[in-house]
Amino acid sequence: MTENKEKTTIVLFSGELDKAIAAFIIANGAAAYDHEVTIFFTFWGLNTLRKDGQVAGVKKGLLEKAFGWMMPRGPEKLGLSKMNFGGMGPKMIKHVMKKHNALSLPQLIELAQEQGVRLVACTMTMDLLGLQEQELLDGIEYAGVAAYLGDAADAKVNLFV
């Protein structure tokens, strides 16, 4: 990161649609204001970065397969933190967002990548949950907590979502 830009970091711990949308809106806003932005994805937040379908050729043990089966695959499959209503809540919020011409979560992710927001997957959590690099979106980085702390130490804004 260059020294003359403001820096913002976000830890995305939650795997819930509304929280992921909020994190990406903040990240894109900060990037638009010329901040260098890092989003560090850990635990359930990693599901935001998962590819939608199953990835061929990934070898996993029984526990890793179980985690993969239970966790949502990608941003389109995330539930809401409140008012999920058995999956109807996300459909309703997506409808309202479309009606108001708001960007969807996949569009917010794409915009973040276009603006140079660093999307960093926590490698320790990937190991714990049995996630492999080929199961996550292209164009992201992989690092541990020490790398995130290095970014956070230089940032004026550090958020935990």
Side-chain angles (χ1 to χ4, degrees), residues 1-52 55 58-61 63-64 66-68 70-82 84 90 93-94 97 102-161:
M1 291 188 170
T2 56
E3 298 203 18
N4 39 355
K5 282 191 174 186
E6 297 289 336
K7 295 176 179 104
T8 296
T9 70
I10 300 169
V11 174
L12 185 56
F13 173 82
S14 173
E16 295 163 325
L17 178 63
D18 46 326
K19 293 178 182 178
I21 289 170
F24 274 95
I25 288 171
I26 293 167
N28 282 311
Y33 277 99
D34 206 30
H35 286 213
E36 288 188 10
V37 183
T38 299
I39 305 177
F40 186 75
F41 297 82
T42 190
F43 284 91
W44 315 122
L46 279 169
N47 291 319
T48 308
L49 297 178
R50 287 185 77 190
K51 292 179 180 171
D52 291 337
V55 177
V58 176
K59 301 253 187 262
K60 293 186 175 198
L63 189 57
E64 288 85 7
F67 268 123
M70 291 186 290
M71 296 185 305
R73 285 187 194 278
E76 292 287 356
K77 303 283 191 300
L78 301 179
L80 288 177
S81 62
K82 306 279 186 215
N84 198 45
I93 196 72
K94 288 174 188 177
M97 289 174 68
L103 296 178
S104 67
L105 181 54
Q107 290 170 320
L108 289 167
I109 293 169
E110 185 178 332
L111 178 59
Q113 288 180 307
E114 288 171 3
Q115 293 195 91
V117 173
R118 293 178 59 225
L119 308 180
V120 182
C122 177
T123 52
M124 183 202 69
T125 304
M126 287 175 65
D127 290 343
L128 290 175
L129 300 179
L131 291 172
Q132 297 176 19
E133 288 185 19
Q134 58 266 43
E135 294 179 274
L136 302 181
L137 299 175
D138 297 330
I140 64 172
E141 300 175 39
Y142 301 90
V145 70
Y148 167 74
L149 290 173
D151 288 342
D154 295 335
K156 285 188 177 177
V157 179
N158 294 296
L159 304 172
F160 188 91
V161 181

For the residue pair R118 and D151, establish whether any side-chain heavy-atom pair is separated by less than 4.5 Å. yes
Sub-4.5 Å side-chain heavy-atom contact between Y148 and T9: yes
Heavy-atom distance under 4.5 Å between the side chains of L111 and Q107, does that happen here? no
Side chain proximity check, L119 to I109, heavy atoms < 4.5 angstrom: yes
Apply side chain to side chain contact (heavy atoms under 4.5 Å, CB included) to V145 and list each qualifying residue two or more places apart in sequence or on a separate chain. L149
Please list, chain by chain and in numerical order, all residues satisfying side chain to side chain contact (heavy atoms under 4.5 Å, CB included) with Y33, sequence neighbours excluded. H35
For P72 against L78, the heavy-atom pair lying closest together: CG-CD2, 3.8 Å
Show me the donor-acceptor pairs within less than 3.5 Å that the side chains of residues 17-24 make with the rest of the protein, sequence neighbours left out.
unit_1	atom_1	unit_2	atom_2	d
D18	OD1	S81	N	3.0
D18	OD1	S81	OG	3.4
D18	OD2	S81	OG	2.5
K19	NZ	E16	OE1	3.0

Which atom of T48 lies closest to which atom of P75, heavy atoms considered: O-CD, 3.3 Å
Heavy atoms only: give me the nearest P106-E76 pair and the separation to one decimal. CG-OE2, 3.1 Å
Residues passing the side chain to side chain contact (heavy atoms under 4.5 Å, CB included) test with A147, sequence neighbours excluded, are A143
Sorted by chain and residue number, the side-chain hydrogen bond (donor to acceptor under 3.5 Å, both in side chains) partners of K77 (sequence neighbours excluded) come out as none
Taking every non-hydrogen atom, the tightest pair across A27 and V117: O-CG2, 4.1 Å
Under the side-chain hydrogen bond (donor to acceptor under 3.5 Å, both in side chains) test, residues paired with E133 that sit two or more places apart: none
R50 versus L136: any side-chain heavy-atom pair under 4.5 Å? yes
